[in-house]
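Below is one structure, written out as structure tokens; comments come after it.
Chain letters run A, B, ... following the sequence lines, proteins first, then strands; residues in each count from 1.
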Amino acid sequence: MSVSTAIATAFDPDGPRVLAARVTRRRASVLPGFGLSLGFTLVYLSLIVLIPLSAAFFKTAQMTWPAFVETVTTPRAIASYKLTFGASLAAAATNALFGLIVAWVLTRYPFPGRRMADALVDLPFALPTAVAGIALTGLFAPNGWFGQGLSQAGIKVAFTPLGVYVALTFIGLPFVVRTVQPVLATLPHELEEAAATLGAGAAQTFRRVVLPIVLPALLTGFALAFARAVGEYGSVIFIAGNMPMISEITPLVIITRLEQYDYQGATAISVVMLVVSFALLLLINLLQAWTRRRLGAQV
Amino acid sequence: MTTRSSPWLRRLLIALALAFLTVFLFVPLVFVFAEAFKKGYDVFATAIVDPDALSAIRLTLTAAAIAVPLNLLFGVAAAWAIAKFAFPGKSVLTTLIDLPFSVSPVIAGLIFVLVFGLQGWFGPWLKDHDLKVVFAVPGIVLATIFVTFPFVARELIPLMQAQGVEQEEAAAVLGAGGWTTFLRVTLPNIKWGLLYGVILCNARAMGEFGAVAVVSGHIRGQTNTMPLHIEILYNEYQFSAAFAVATLLALLALVTLVLKVLVERKAHGSVA
């Protein structure tokens, strides 16, 4: 295998299996429409996604390097990165833990209402973020259903960084469940039974048998939830309180700069976020390839 | 059949899972409806038939009616090229199609301001020709297309890859033309995946907030979509009215979830 093939294989989300298929299929296809469909795909992709996105990089390229660094490292920007990435990390970690439990319960234990619970998991995908935002704010406000009890316990959620964490946990909830669920469904019960027969306790079975198989999917779900949370805006701005330096997320810093007609500054901070997002996308692709290899090896 | 874990552990895990889903999903959904009807049905109805609300509903439907068919067409074309043919750079192309998912909605709006705004690439030209894209309906449609770009393609590509090319090749060898092959062979195989992609695409198109907020300019009665209308009402402390409009979008979400379950059941049925 040449180096370039090896790299292509490593970055190909479908891995070596499809590469092999591709080699055998490289004879002329009898199917029509290749030029038309690929041509339309490339033109549409360029017009809607690539060219507009490149505008952000061209705009930023007009800045000098020191000016760029100064813009993206103002104390207000730095505080927003810390909040955005910190809260996203905490929310994704919460979702990894509870998402694994939810996926396990949904695939392993029959109980009344299981189908409804399963369908409800996708709610954050289907419910518009603004609706989620005002609902969570109302619930966690000091006079809300949850907020009342929490504020008596001295915990403030709405209009604090904790509120950002709550909104991001909501937004990221389906990712871990939906990536882990299919893996658990293919994991034969016999594996756990065998471990139990051999004298392993529940904790040991989980750690030595279940976790190694689920891990790639769990990490993929975690990364997907994190990536979504980092860019999230709609559900957060209602509950965050949006105080500069304290509860202001990076997407809001971009909007604030835009509203002050500081296009250059808004774009510079956007480029920082875009670079992080692209790095996450690459990581997610690698994790997904790993998941598939794990599954392929197991079946 | 269930695992032989202790019943207490099982009960604990079920309780934890249900508590998590109840707090984060079920209660917020119930809360939207409870708040909307808190001040009675009249307040609810007034908020819905308010002219600004109606114009927001109309704009939301318009944007979705343009964005969804375009992305459907793109999704089918992209999946046909990627799943049925071999060409270099395929995995790069697949990754690029997913790109809008990893871009913050706010940045999705910003890039269209950079291209079509007054100081943007086409700003002066548009101004000379008295055309408006940003802070007008075309900008809202473009931003909606961008954020819903991958939905149909991402559903169809793995599905069509798994189905291979044998059936289409057989049809072609038997003398069927391209469109006949697609309509009679491919489409019946992918219809449930296609429908699922369209449902998700539509839900996101009608609910998009961040990207649309940046390009809309919030002109009431003109460039306000339903989510933006909700924001304005909420910021004016008209909570009941905000939640009333929100119930429409929450209903859309519920319909989406039900359709998803039905489509999945159908898809499983046709495979089995």
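With values rounded to the nearest 0.5 angstrom, R10(B) atom CZ is found 11.5 Å from R108(A) atom CZ. Expressed to the nearest 0.5 Å, how far CG of N242(A) lies from OG1 of T256(A) amounts to 8.0 Å. The CG atom of L127(A) sits 10.0 Å away from the OG atom of S235(A) when rounded to the nearest 0.5 Å.
Residue contact with chain B, scored on non-hydrogen atoms closer than 4.5 Å, is absent for L106(A). For chain A, no part of E35(B) is nearby; none of its heavy atoms comes within less than 4.5 Å. Using a 4.5 Å cut-off between heavy atoms, F40(A) touches chain B through its side chain atoms alone. Using a 4.5 Å cut-off between heavy atoms, A172(B) contacts chain A through its side chain alone, with no backbone atom that close. The parts of A55(A) that come within reach of chain B are both its backbone and its side chain, each placing non-hydrogen atoms under 4.5 angstrom from that chain. Heavy atoms closer than 4.5 Å to chain A are found nowhere in A211(B), neither backbone nor side chain. Neither the backbone nor the side chain of I269(A) comes within less than 4.5 Å of any heavy atom in chain B. With a 4.5 Å cut-off on non-hydrogen atoms, F34(A) touches chain B through its backbone and its side chain both. Using a 4.5 Å cut-off between heavy atoms, R115(A) contacts chain B through its side chain alone, with no backbone atom that close.
Listed here is the closest heavy atom pair of I97(B) and P100(B): O-CD, 3.3 Å.
Your options are I230(B), L110(B), V261(B), V115(B), and the one with the most heavy-atom pairs under 4.5 Å with chain A is L110(B). Note: L31(A) leads L31(A), V131(A), L281(A), V166(A) in heavy-atom pairs under 4.5 Å with chain B. Annotation: maximal heavy-atom pairing with chain B below 4.5 Å, among L173(A), I254(A), I255(A), occurs at L173(A). Residue with the most contacts toward chain A among T256(B), V258(B), L70(B), L142(B): L70(B) (heavy-atom pairs, distance under 4.5 Å). Among the candidates F26(B), F209(B), F24(B), F31(B), the residue making the largest number of heavy-atom pairs closer than 4.5 Å to chain A is F31(B). Options V255(B), T181(B), V23(B) differ in how many heavy-atom pairs under 4.5 Å they form with chain A, and the most are formed by V23(B). With chain B as partner, the option from G231(A), S37(A), A266(A), G35(A) having the largest number of non-hydrogen pairs under 4.5 angstrom is S37(A). Among the candidates F146(A), Y261(A), F58(A), the residue making the largest number of heavy-atom pairs closer than 4.5 Å to chain B is F146(A). Note: V121(A) leads V230(A), L280(A), V121(A) in heavy-atom pairs under 4.5 Å with chain B. Between chain B and the residues L36(A), L224(A), I237(A), T41(A), the largest count of heavy-atom pairs under 4.5 Å involves T41(A). Between chain A and the options I107(B), V92(B), L73(B), N202(B), heavy-atom pairs under 4.5 Å are most frequent for I107(B).
Between F125(A) and F175(A), a ring centre-to-centre spacing shorter than 6.0 Å is recorded.
Between the side chains of T250(A) and T84(A), at least one donor N or O sits under 3.5 Å from an acceptor N or O.
Using modelled atom types, no side-chain atom of T60(A) and backbone atom of F57(A) make a donor-acceptor pair closer than 3.5 Å. In this structure, K59(A) contributes its side chain and T267(A) its backbone to no donor-acceptor pair below 3.5 Å.
Partner of F101(B) under the ring-ring contact (aromatic ring centres under 6.0 Å, His included) criterion, out of F149(B), F146(B), F151(B): F151(B) alone.
Residues T169(A) and F98(A) fail the side-chain proximity criterion, which asks for heavy atoms closer than 4.5 Å.
Between F243(B) and Y234(B), the ring-plane angle classifies as perpendicular under the 30° and 60° cut-offs.
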Task: Candidate pair E208(B) and T148(B), rule side chain to side chain donor-acceptor pair (under 3.5 Å), full reasoning - done: CA-CA 9 Å; E208(B) 178 51 28; T148(B) 58; over 6 Å; no
